Amino acid sequence: MSAFRDGLFQGKSVFVAGGTSGINLGIAKRFADLGAKVAVLGRNPEKAAFAAADIGHDALGLTADVRDYAALRAAMEQAAEKNGAFDVVVSGAAGNFLAPALGMSANGFKTVVDIDLIGTFNVFRGCHDLLNKPGASLIAITAGQAVNAKPLQVHACAAKAGINQMVRVLAMEWGPDVRVNGISPGPISGTEGMARLAPNTDDHDTYFERIPLKRWGEIEEVAEAAVFLSSESAAYFTGTILDCDGGSQLGDASRTSLESGLA
Ligand code: NAP
Ligand code: COA
C-alpha cells in the first residue's frame, strides 16, 4: 500500500466489536498498521488474546458478549481508558447458519437478531459518550441479505435489514458530530461466514459465475472501505451503506443471465 497513507490514523483510538476474527480482525489490523491504537472484542478469551497478538502495536483484546449491554459497556470503558476516546467504532459481531424458517426455533431466530441487530444498537448506544467528537466515525458491518431476500436466512436477512435502517436513523440523530455508515461486504474468501454459507466447491463456482467481477473479495478490500469511510476523504458521507461486493448485489451476472436477459 502506498506510503502516502502511513500514519493516517496515528494516535487515533479504534474499537472493533467482533474484531477477533475474519473481516473485522482484518479491519482492526489495517487501522493498527496506519498508526491507530486498537481494541477488539469477542466472546472467546483465547481468540481475543490471539487477535491482539496478531494485530500487534499493543492492541487490546477484550471479552464480552454484545448481547450483554453491561459487560459490553465495561469493556468499552476499559478500551477508552487505555486508548482514549474512540475516533472509530466498528460493529461487526454476527452469527449465521443456514436453516429453513420451519427448521428454526424461536430462539434460533432470536439469537441471530440479538447478536447482529440488538448487538449493533448496544455497541453504538454504548459507545456514544466515549466518542471523540466532533469527527467520530461509526461503521456497521451489514450484508447483502439486508436488501436481497435469501432462503434459509430469514434471521440474518431480518437482522441486517434492521441494521441498515438503524444506520440511517442514527446518522440523522447523531450528526453533525458523529458520522454513521455501513459496509456491506459480498462473499469474502477465507471467512467463517462463507464457510457456513458455501461449504462446497460447487457452491464457490456458482458464486463466482454470478458475480460481475467473477471472484470473491478479500478481507483487505473490506478493510480499505472502513479506512475510507473513517478518513477525511469521506467527511461528507453519513447514512451510507457502501457495497464492497464485486457487484454481487446487482443481480445474476452469469453467462446464462447475460445472454437471455433473465436474471
Ligand atoms: P467471523 O470470523 O465469525 O467473525 C465474527 C466475530 O464476531 C468474531 O470475532 C466473533 O468472536 C465475534 N462475535 C460473534 N458473536 C458475538 C457476540 N455475541 N458478542 C461478541 N462478539 C461476537 O465472521 P466473518 O465471516 O468474518 O463476518 C464478519 C462480519 O462480516 C459479520 O458482521 C458478517 O455478517 C459480515 N459479512 C461477512 C461476509 C463474508 O463473506 N464472510 C459477507 C457479508 C457480510 P467470538 O466467536 O469469540 O465471539
Ligand atoms: N440450525 C438451526 N438452529 C440452530 C443452528 C442451526 N444450524 N445453530 C444454532 N441453532 C439454534 C440452536 O438450536 C438454539 O436454539 P434452541 O435453544 O431452540 O435449540 C439457538 O440457535 C441458539 O444456539 P446457541 O448455540 O445456544 O447460540 P450461541 O449464542 O451459543 O451461538 C450462533 C450463536 C448459533 C449464531 C453460533 O453459530 C455462533 O456463535 N456464531 C458466530 C460465528 C458466525 O456465525 N460467523 C459468521 C458470521 S456471518
Side-chain angles (χ1 to χ4, degrees), residues 15-29 39-52 54-55 61-69 71-72 75-76 90-120 122-123 126 139-148 150 152-157 159-161 163-164 182-199 203-204 207 211 215-219 221-223 225-226 241-246 248-249:
F15 180 87
V16 184
T20 61
S21 64
I23 293 171
N24 307 315
L25 173 58
I27 291 171
K29 277 182 177 173
V40 291
L41 174 134
R43 290 166 300 177
N44 181 308
E46 285 80 32
K47 264 176 81 174
F50 183 84
D54 188 23
I55 295 165
L62 297 165
T63 310
D65 193 316
V66 294
R67 293 169 284 189
D68 180 344
Y69 187 86
L72 172 67
M76 289 195 285
V90 178
S91 176
N96 201 2
F97 52 82
L98 293 177
L102 294 179
M104 194 183 290
S105 68
N107 191 44
F109 181 85
K110 179 178 182 298
T111 295
V112 170
V113 172
D114 277 350
I115 299 171
D116 293 28
L117 179 58
I118 312 287
T120 294
N122 290 345
V123 170
I139 298 175
I141 307 301
T142 178
Q145 287 92 324
V147 179
N148 300 313
K150 297 281 185 196
L152 312 183
Q153 295 184 67
V154 64
H155 46 6
C157 288
K160 294 294 194 183
I163 288 175
N164 283 20
I183 298 172
S184 180
I188 304 300
S189 59
T191 60
E192 179 63 26
M194 289 318 295
R196 289 173 180 234
L197 299 184
D203 296 334
H204 296 198
Y207 260 107
I211 298 171
R215 66 174 177 87
W216 284 7
E218 301 297 326
I219 287 174
E221 292 174 313
V222 184
I241 306 294
L242 197 58
D243 295 338
C244 178
D245 68 348
S248 54
Q249 287 169 53

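One-based numbering, in listed order, for ligands and for the atoms of each. It should be emphasised that the depicted structure is a prediction, and the values quoted were computed from it without experimental measurement.
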Can you tell me how far the [atom1] atom of [X] sits from the [atom2] atom of [Y], to the nearest 0.5 Å?
{"X": "Gln145", "Y": "Leu152", "atom1": "CD", "atom2": "CG", "answer": "11.5 Å"}
{"X": "Ile241", "Y": "Asp243", "atom1": "CD1", "atom2": "CG", "answer": "8.5 Å"}
{"X": "Leu98", "Y": "His155", "atom1": "CG", "atom2": "NE2", "answer": "7.5 Å"}
{"X": "Asp65", "Y": "Asn44", "atom1": "CG", "atom2": "CG", "answer": "12.0 Å"}
{"X": "Ile183", "Y": "Ile141", "atom1": "CD1", "atom2": "CD1", "answer": "4.5 Å"}
{"X": "Phe50", "Y": "Ile55", "atom1": "CZ", "atom2": "CD1", "answer": "10.5 Å"}

So is there a nitrogen or oxygen of [X] less than 3.5 Å from a nitrogen or oxygen in ligand 1?
{"X": "Asp116", "result": "no"}
{"X": "Ala143", "result": "no"}
{"X": "Ile115", "result": "no"}
{"X": "Ile23", "result": "yes"}

Which residue and atom name correspond to the protein heavy atom nearest [atom], and how close is it?
{"atom": "atom 43 (C) of ligand 1", "result": "Pro185 O, 3.2 Å"}
{"atom": "atom 42 (C) of ligand 1", "result": "Gly186 O, 3.2 Å"}
{"atom": "atom 28 (C) of ligand 1", "result": "Asn24 ND2, 3.6 Å"}
{"atom": "atom 44 (C) of ligand 1", "result": "Thr142 O, 3.2 Å"}
{"atom": "atom 8 (C) of ligand 1", "result": "Ser21 OG, 3.3 Å"}
{"atom": "atom 12 (C) of ligand 1", "result": "Gly18 CA, 3.7 Å"}
{"atom": "atom 30 (O) of ligand 1", "result": "Ile141 CG2, 3.3 Å"}
{"atom": "atom 20 (C) of ligand 1", "result": "Ala64 O, 3.4 Å"}

Does [X] have a heavy atom less than 4.0 Å from any atom of ligand 1?
{"X": "Pro187", "result": "yes"}
{"X": "Gly92", "result": "yes"}
{"X": "Gln145", "result": "no"}

Residue pair [X] / [Y], side-chain heavy-atom distance below 4.5 Å:
{"X": "Val40", "Y": "Asn24", "value": "no"}
{"X": "Leu242", "Y": "Ile139", "value": "no"}
{"X": "Thr63", "Y": "Thr20", "value": "no"}

- Task: Without swapping roles, check the side chain of Ser189 against the backbone of Gly217 for a donor-acceptor pair under 3.5 Å.
- Result: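 Yes: the side chain of Ser189 pairs with the backbone of Gly217.
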- Item | Ala146 backbone acceptor or donor facing Asn164 side chain under 3.5 Å |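 No.
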Can you name the atoms of ligand 1, numbered from 1 with element, that are less than 4.0 Å from a heavy atom of [X]?
{"X": "Asp65", "result": "17 (C), 18 (N), 19 (N)"}
{"X": "Lys47", "result": "8 (C), 10 (C), 11 (O), 45 (P), 46 (O), 47 (O)"}
{"X": "Gly193", "result": "25 (O), 41 (N)"}
{"X": "Gly22", "result": "2 (O), 26 (O)"}
{"X": "Asn44", "result": "47 (O)"}
{"X": "Lys160", "result": "32 (O), 33 (C), 34 (O)"}

- Query: Glu192: what forms a salt bridge (Lys or Arg N to Asp or Glu O under 4.0 Å) with it, not counting sequence neighbours?
  - Reply: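 Per chain and number, Glu192 pairs via salt bridge (Lys or Arg N to Asp or Glu O under 4.0 Å) with Arg196.
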- Message: Out of Ile183, Thr191, Leu62, Thr120, who is nearest to atom 39 (C) of ligand 1 when you count heavy atoms only?
- Response: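 The nearest heavy atom belongs to Thr191.
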- Message: Tell me the closest heavy-atom pair linking Ala223 and Gly26, and the distance in Å.
- Response: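 Result for this residue pair: CB-O, 3.7 Å.
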- Query: So which heavy atom on Leu62 is nearest to which on Ala75, and how close?
  - Reply: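 Scanning both residues, the minimum pair turns out to be CD1-O, 3.3 Å.
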Side-chain atoms of residues 111-119: list all donor-acceptor pairs with protein atoms under 3.5 Å, sequence neighbours left out, distances to 0.1 Å.
from   : atom 1 : to     : atom 2 : distance (Å)
Thr111 : OG1    : Asn107 : O      : 2.6
Asp114 : OD2    : Lys110 : NZ     : 2.6
Asp116 : OD1    : Gly95  : N      : 3.0

- Test Trp216 against every option in Thr191, Asp245, Ile188, Ile211 by the side-chain contact (heavy atoms from CB on, under 4.5 Å) rule and name the one that passes.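 Exactly one pass, corresponding to Ile211.
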- Message: Can you list every protein residue that has a heavy atom under 4.0 Å from any atom of ligand 2, sorted by chain and residue number?
- Response: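 Lining ligand 2: Arg43, Arg67, Ala94, Gly95, Asn96, Phe97, Ala99, Gly103, Ser105, Asn107, Gly108, Thr111, Ile115, Glu192, Gly193, Arg196.
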- Query: What pairs of residues pass the side-chain hydrogen bond (donor to acceptor under 3.5 Å, both in side chains) test when at least one of them lies in residues 91-100, not counting sequence neighbours?
  - Reply: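 Checked against side-chain hydrogen bond (donor to acceptor under 3.5 Å, both in side chains) - neighbours excluded - the pairs reaching residues 91-100 are Ser91-Thr120, Asn96-Gln153.
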